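First up is the structure itself, then whatever we jot down about it.
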Amino acid sequence: MIDTKLLREDPERVRASQRARGEDEGIVDEILAAEQARRSSLTEFERLRAEQKSMGKQVAQARGEDRQALLARTRDLAADVKRLQGEADAAQDRFDALVRRIGNVVEPEVPVGGEDDYVVLETVGTPPEFDFEPRDHLALAEALRAVDMERGAKVSGSRFYFLTGVGARLELALLHLAVAQAVEHGFTPMITPTLVKSEVMAGAGFLDAHADEVYRVEADDLYLTGTSEVALAGYHADEILDLSQGPMRYAGWSACYRREAGSYGKDTRGIIRVHQFHKVEMFTYCRVEDAATEHQRLLGWEKEMLGKVEVPYRVIDTAAGDLGGPAARKFDCEAWVPTQGRYRELTSTSNCTTFQARRFGIRERDPHGSGTRTVATLNGTLATTRWIVAILENHQQADGSVVVPAALRPYLGLEVLRPE
RNA sequence: GGAGGCGUCGCCUAGUCCGGUCUAUGGCGCCGCACUGCUAAUGCGGUUUGGGUUCAUCGCCCAUCGAGGGUUCAAAUCCCUCCGCCUCCGCCA
């Protein structure tokens, strides 16, 4: 949810953001009108309500005929108050519904355009040169008995899989490495709920444009989360945080569930695009003026992790039209996948500024004035199951074995994965 | 799943039976001021949150006693539904 004060004071900035995203800018004026209607309706209700209250006190003291006369007047007043309250509530609902349709105000630096209009900020490492025909990650994994797609499909359907033997060990090693790095940098590790209430799903911004991406457990009205970001964003809902000692940083470990609706036929081979995977996610609550700096820190920690698994990658600055609703800016790190001859997303870090926190009512004492103000939230990937794809393909050898990156060896207990 | 108890403005707590000066009591904590070599102690004052009005401050007003409805001129208080926590019973990976 965006700041309606900004909307009132600088509507042009919001219109520009909508244009950059390729979305309706007319909604800005609709919201301004709805806000005006909401205020006047509320003022009217409050005026009458104040009158009703003061008359109520007179009734309490009056006796006999005076009391009967007052009661007659106040009965009519009660009916009016009720009607005006209904109108004020309706105006508030209309306003809320409109505001919720608008995405976060994008940062001015964000590239304009859609999915293909990203800007490459940096390329790190060099794609490996093989003097043999490289195998793709699934061929490698099957030879290593690391992944079992067939039985995954038998048990749960397409896009499900088993990680088996060294595959399971490799994932655990990777996730442990990620948690260890997060702890080293002061994050609090968290194992989060993966079923959440609809308010939490909505607050994190996952029931807006991409609601069909989400699994819903109908009998209990709960949602399976596609990232621990959801639970971590809801963790401090309705709280006033103390950020005077710096940002609060959490590292969430969770299974992630995605319906992958609308991606039929895409990435059907292997574990690149699957319905369930594991992820270690960084999540930060910080002051709004620190958000851009924190975003760079999160990106830095993602790069540190990618360096540890020794895969070539590039960093892109996602264009406005490809940002999620809550994000004001997003950087993706994409690893080189040799058999595809292109870079594929391994991490994504978003600066959601106050968008999520405003929906969740997460505030701090205003350090510059009185009262409270909304905090900023940011998130970023530290490791996921998909990383296995890049690790296997980039570190493969002619005989189908895979060299384990040095940083993973202490967690995996193996230097080389060999086909059985 | 069943029975019972509970949910009050940071924490604890009074108030709920029997609706109206509840403008929600008191303690702790916290903030400010005073006093005092310093600290402590003490005294005085302040301290829920969200919103409206206002250029803004002050002030005034509205909402807020787990959430949402209802009854009533009037609800922390009465009624209904839901949520959460605790105790016991049942069931179960």
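Throughout, a chain's letter reflects where its sequence line sits, starting with A, and its residues are numbered from 1. Below, all heavy atoms of this structure are taken into account, side chains as well, without hydrogens, waters or symmetry copies. Keep in mind that this is a model prediction, so the values were computed, not measured.
Atom name P, nucleotides rA76(B) and rC22(B): the rounded distance is 13 Å, in whole Å. Spacing of C1' atoms, rG20(B) relative to rU16(B), comes out at 15 Å, to the nearest Å. Nucleotides rC33(B) and rC38(B) have their P atoms positioned 15 Å apart, rounded to a whole Å. Using C1' as the reference atom, rC31(B) and rG10(B) are 13 Å apart when rounded to the nearest Å. rG19(B) and rC79(B) are spaced 11 Å apart, taking the P atom of each and rounding to whole Å. rU49(B) sits 26 Å from rC55(B) when the P atoms are compared, rounded to a whole Å. With C1' as the reference atom, rG46(B) and rG51(B) are 23 Å apart, rounded to whole Å. Atom P of rC58(B) sits at a distance of 15 Å from the matching atom of rG50(B), rounded to the whole Å.
Set against rC83(B), rG51(B), rU53(B), the side chain of Lys197(A) has rC83(B) as its closest nucleotide. Comparing atom distances between the Arg365(A) side chain and each of rC62(B), rU49(B), rU53(B) picks out rU49(B) as nearest. Listed nucleotides rG52(B), rA74(B), rU71(B) differ in distance to Gln52(A); the shortest reach to its side chain belongs to rA74(B). Side-chain proximity of Ala78(A) to rC62(B), rG52(B), rA74(B): nearest is rA74(B). The side chain of Ile240(A) approaches rU49(B) more closely than any other nucleotide in the set rA63(B), rU49(B), rC83(B).
Figure legend. rA93(B) is base-paired to no nucleotide; pairs are counted as Watson-Crick or G-U wobble with both atom distances under 3.5 Å. Nucleotide rU77(B) forms no Watson-Crick or G-U wobble pair with any nucleotide shown, as no partner meets the under 3.5 Å limit on both distances. Within the shown strands, rG5(B) is the pairing partner of rC85(B) under the Watson-Crick or G-U definition, both distances less than 3.5 Å. Using N1 to N3 plus N6-O4 or O6-N4 for Watson-Crick, or N1-O2 and O6-N3 for G-U wobble, each under 3.5 Å, rA24(B) pairs with nothing. The partner of rG19(B), taking Watson-Crick or G-U wobble pairs whose two distances both stay under 3.5 Å, does not exist in any strand shown. Of the nucleotides present, rU42(B) is the one that pairs with rA34(B) by Watson-Crick or G-U wobble criteria, both distances under 3.5 Å. With a 3.5 Å ceiling on both atom-pair distances, rA56(B) lacks any Watson-Crick or G-U wobble partner. Remark: rA63(B) base-pairs with rU49(B); criterion is Watson-Crick or G-U wobble with both hydrogen-bond distances under 3.5 Å.
Counting heavy atoms from C-beta outward, Arg297(A) and Arg249(A) have side chains that approach closer than 4.5 Å. Here the side chains of Glu310(A) and Asn394(A) are not in contact, with every heavy-atom distance at 4.5 Å or above.
The distance from atom CG of Asp80(A) to atom P of rC73(B) is 14 Å, rounded to the nearest whole Å. Separating the CD atom of Glu44(A) from the P atom of rU53(B) is a distance of 13 Å, rounded to the nearest angstrom. Between the CZ atom of Arg8(A) and the C1' atom of rC55(B) there is a distance of 14 Å, given to the nearest Å. Rounded to whole Å, atom P of rU53(B) lies 9 Å from atom CD of Glu46(A).
Cation-pi geometry between Arg38(A) and Phe95(A) is satisfied (NZ or CZ under 6.0 Å from the ring centre, within 45° of the ring normal).
Counted within 6.0 Å of CZ on Arg409(A), heavy atoms from surrounding residues, nucleotides or ligands total more than 12; the atom is thus considered enclosed.
Within 4.0 Å (heavy atoms only), Arg363(A) reaches sugar-phosphate atoms of the nucleic acid but no base atom.
Place Thr43(A) and Glu51(A) on RNA chain B by their nearest nucleotides, and Thr43(A) ends up nearer the 5' end.
Classification of the His275(A)-Phe160(A) ring pair by plane angle, with boundaries at 30° and 60°, yields tilted.
Under 4.0 angstrom from either OP1 or OP2 of rU71(B) there lies at least one side-chain N or O belonging to Lys82(A). Considering only side-chain N and O atoms, Lys53(A) lies under 4.0 angstrom from the phosphate OP1 or OP2 of rA63(B). Contact between the side-chain N/O atoms of Arg39(A) and the OP1/OP2 oxygens of rU53(B) is found at a separation under 4.0 Å. Note on Arg75(A): every side-chain N or O is 4.0 Å or more away from OP1 and OP2 of rU72(B).
Atom CD of residue Glu12(A) and atom CD of residue Glu25(A) lie 7.0 Å apart, to the nearest 0.5 angstrom.
Counted by atom type alone, Lys279(A) and Thr227(A) present one or more donor-acceptor pairs between their side chains at under 3.5 Å.
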